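One is the number of the first residue; the rest follow in order along the sequence. Owing to the predicted nature of the structure, the values given are computational and were not obtained by experimental measurement.
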Amino acid sequence: MRDRIAKMAQDGRLSILFSFYMFLSMLSSQCGCHPHSAWARAASNNTARKASDVAAEVAGYADVAKRIIDLAVFGAAQNRSYRRLADFTDTIGNRVSGSHNLEMAIKYMYNAMTQDGFDVHLEPVKIPHWVRGEESAEMIMPRAKSLAILGLGSSVGTPPEGIAAEVLVVQSFEELKHRASEAAGRIVVFNQPFVSYWETVAYRVYGASEAANVGAVASLIRSITPFSINSPHTGWQDYQDGVNRIPTACITVEDAELMWRMAQRGQRIVVRLTMAAKTLPDADSFNTVAEIRGWQHPEQIVLLSGHLDSWDVGQGAIDDGGGAMISWEALSLIKDLGLRPRRTLRTVLWTAEEQGGVGAQQYYNLHKVNMSNFDLVMESDLGTFSPVALQFTGSDASRKVMEEVVKLLAPINTTKLETHGEGTDISQWMQAGVPGASLHVADSQYFWFHHSEGDTITVQDPGEMDLCSALWAVVAYVVADLQDMLPR
C-alpha cells in the first residue's frame, strides 16, 4: 500500500485521493456513519478481497456492535421491544387474515414507526378471508362430554344442525389406509403422536382430505403440540384438488387420547360437530415497510422481517408479534445511535403469513426484478426467546463473511452460525439464491403456546427480547455497511 501511494504521488494523484478521502469523511459525519471504514469506502469494489481482509473489516465493527448491544440490553432501550409488544398486543389483540383487527394492527404499526422517525409506506396485497364462526363439539356416546375444539383455517362449515356420526380413531395415515373400509360416513379422529412440529403438522394440513378420500364426513385432528392443558391449537389446512371438502377442527391431546383408549376397549364413540366456518372473498391488506435509507447504495437492501398477522386466538405475541417488534426495534437502535449504513435497511411486516405467506409472495412477485440488489433477507418467526444462534443460507463465500459477523455478538454469547436460514416469508428469496438468515432461539416451549389461546405477552421475557433485538440490529447493520455485498 505504501509503495502504491508513493507511485500515485509521483503521478500527481495523491492530492486527489486525499481530497476524496476528506470528502468521504465529511459525508460520514453528516450522515451519522462511523468513520472507521472511510478508507475502505475509497477502495474499489471491482476486485474480490481476501478472506483476511474481510475478517479485518468486520472486526472493525466491534465497537459499533458493542454500542448497539449496550443500548439494547443495558441502556435507554432496555425492555423497549417488550413494552412495544405488550402495548401492541393489549391494544389490538389477535389479528387473523382479513379481519378488522389486522387492519387496525397495520394502521397501528404504520403510525408507530412513522412517529419513530422512519420512512414508512404500505404496499397493497390481496389476502384470504376465512371466518371461524360459532363452533362446538360434544361426545354423545359412550358418555356425554364437551370437547374443546378450534376449527382449522379454510375449513368449510357443517350444516346448521351439525354432524353427528360414529368416530373412527387412527394414529397415522397408514392406519387410515388399512382401515379405509371402516371410514365411510364416520368422523375420523387422528391421534397421531407428536414427533416434531415439521413432521407432525402434515396431519393438520392434509388430515381432512385424507379422511375425505375414504368417505369420512368430518375430521378431528389431535393438536400439533408436545404439551397440553386441554388446549386446542389451530392452524391452516389445505384441501386437495378433486377431494370432497369436509369440516375439520383440532381437538386437545387429552380428548384425542381419551377417544383412542375408548376405541381400544371396543366402545362405540359418537360425536356431534357444529361449525359455522366460511370463506369470504379475498380482502384488501398491506405489507408494512419502514426504512433507513443507505447513504451510498440506497438501492441495495438488507431486509429484516416478521409477520403482523396471527391466528384468531390468544394475542399473537410469540407468533409473530415478537418477530415484528424486534424488526422494528433493530431500526430504532441503529437510529438512536446516529448510525446510517451504506445500504438501505428495510423492515417489512408481512401480512397473511399464516395462510401460506400470501403477503410475502406478492412482495416477492413485485420486487424480484431487483433481486440482484437484495443483499440479505432476514426473518424472525419462531419466537423471541433467548437467542441461541443465527441460522444462515448462502454460498460458502458468504458464509465465511457471516461467520465473522456473528463473532461481534460475543458480548451476548451468541456467536454460533448454523445452517439453513428459514422462514415462510423469505423462502422464495433464498431459493432464488439471495442469502437468508433467521433467528434460532431457545424454543423448546414454543409449540406449547403456538396457535392457541396461550399465545399471549405473558409468555415473553423482556430481557430475552432485548438480546434478540441486539442480535438482529448488529447483524443487519454490519452487513448493510460492509464495503461489498455478500457474495452469491
Side-chain angles (χ1 to χ4, degrees), residues 118 121 123 125 287-294 297-309 320 322-331 334 341-353 356-382 384 387 389-403 405-406 417-441 468-469 471-482 484-488:
F118 299 111
H121 69 272
E123 299 190 4
V125 294
N287 291 317
T288 308
V289 183
E291 291 185 341
I292 297 176
R293 286 182 62 78
H297 299 296
E299 76 285 0
Q300 296 175 1
I301 307 298
V302 169
L303 185 149
L304 311 87
S305 69
H307 65 86
L308 209 53
D309 65 301
D320 181 34
M325 290 303 136
I326 69 167
S327 296
W328 169 22
E329 179 68 16
L331 295 190
I334 291 162
R342 70 176 69 227
R343 296 177 191 82
T344 294
L345 287 172
R346 177 179 296 171
T347 286
V348 183
L349 307 182
W350 312 109
T351 189
E353 183 276 344
V358 176
Q361 182 62 54
Q362 292 177 61
Y363 180 91
Y364 176 78
N365 293 342
L366 180 64
H367 293 280
K368 64 183 178 181
V369 65
N370 295 316
M371 187 178 301
S372 62
N373 281 325
F374 280 78
D375 189 7
L376 175 68
V377 290
M378 302 165 61
E379 180 173 10
S380 171
D381 188 22
L382 279 173
T384 43
L390 186 73
Q391 299 165 315
F392 180 73
T393 292
S395 67
D396 289 344
S398 63
R399 173 167 294 278
K400 291 184 185 304
V401 177
M402 296 304 294
E403 285 172 350
V405 171
V406 296
L417 187 71
E418 297 178 340
T419 56
H420 305 307
E422 59 185 45
T424 299
D425 299 305
I426 62 171
S427 59
Q428 54 271 64
W429 294 96
M430 293 188 292
Q431 289 166 8
V434 177
S438 53
L439 185 61
H440 180 191
V441 299
C468 291
S469 298
L471 183 155
W472 221 224
V474 168
V475 171
Y477 176 76
V478 171
V479 172
D481 199 55
L482 289 175
D484 298 327
M485 291 178 65
L486 293 175
R488 298 287 170 92

Show me the donor-acceptor pairs, under 3.5 Å and distance only, between side chains in residues 363-378 and residues at least two apart or in other chains.
{"unit_1": "Tyr363", "atom_1": "OH", "unit_2": "Arg346", "atom_2": "NH1", "d": "2.9"}
{"unit_1": "Asn365", "atom_1": "OD1", "unit_2": "Gln361", "atom_2": "NE2", "d": "3.0"}
{"unit_1": "Asn365", "atom_1": "ND2", "unit_2": "Gln361", "atom_2": "O", "d": "3.3"}
{"unit_1": "His367", "atom_1": "NE2", "unit_2": "Glu123", "atom_2": "OE1", "d": "2.9"}
{"unit_1": "His367", "atom_1": "NE2", "unit_2": "Glu123", "atom_2": "OE2", "d": "3.4"}
{"unit_1": "Asp375", "atom_1": "OD1", "unit_2": "Leu486", "atom_2": "N", "d": "2.8"}

For this session: Begin with the C-alpha distance, continue with both residues' side-chain angles, and end with the deciding distance and a verdict on side chain to side chain contact (heavy atoms under 4.5 Å, CB included) for Val479 and Met402.
Result: CA-CA 8 Å; Val479 172; Met402 296 304 294; 3.8 Å; yes
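- A heavy-atom distance below 4.5 Å is not found between the side chains of Thr393 and Glu422.
- Minimum heavy-atom separation, Ser380 to Trp472: N-CZ2, 3.6 Å.
- Counting only distance, with no hydrogens or angles, the side chain of Asp320 and the backbone of Gly306 share no donor-acceptor pair below 3.5 Å.
- With hydrogens and angles ignored, the 3.5 Å screen pairs no side-chain donor or acceptor of Asp381 with any backbone N or O of Gly423.
- Ile326 is listed as a side-chain neighbour of Leu439, based on a closest heavy-atom distance under 4.5 Å.
- Summarising the geometry of Glu379 relative to Thr424, their closest heavy-atom pair is OE1-N, 3.5 Å, with the distance given to 0.1 Å.
- The shortest non-hydrogen separation linking Thr351 to Asp309 is C-OD1, 3.8 Å.
- Shortest non-hydrogen contact noted between Ala324 and Leu308 is CB-CD1, 4.1 Å.
- Of all heavy-atom pairs spanning Val401 and Pro487, the tightest one is CG2-CD, 4.4 Å.
- Remark: side-chain polar atoms of Arg399 are not paired, donor with acceptor, to backbone N or O of Gly394 under 3.5 angstrom.
- Residues satisfying the side chain to side chain contact (heavy atoms under 4.5 Å, CB included) criterion with Ala480, sequence neighbours excluded, are Val302, Pro341, Arg343, Leu345.
- The CG atom of Leu304 sits 7.0 Å away from the CD1 atom of Ile334 when rounded to the nearest 0.5 Å.
- In this structure, the separation between CD on Glu403 and CG on Leu417 is 6.0 Å, given to the nearest 0.5 Å.
- Considering all non-hydrogen atoms of both residues, Ser438 and Gln391 come closest at OG-OE1, 2.7 Å.
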Exercise. Does the pair His121 and Thr288 meet the rule for a side chain to side chain contact (heavy atoms under 4.5 Å, CB included), with working shown?
Worked result: CA-CA 6 Å; His121 69 272; Thr288 308; over 6 Å; no
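- To the nearest 0.5 Å, the span separating CZ on Arg342 from CZ on Arg293 amounts to 16.0 Å.
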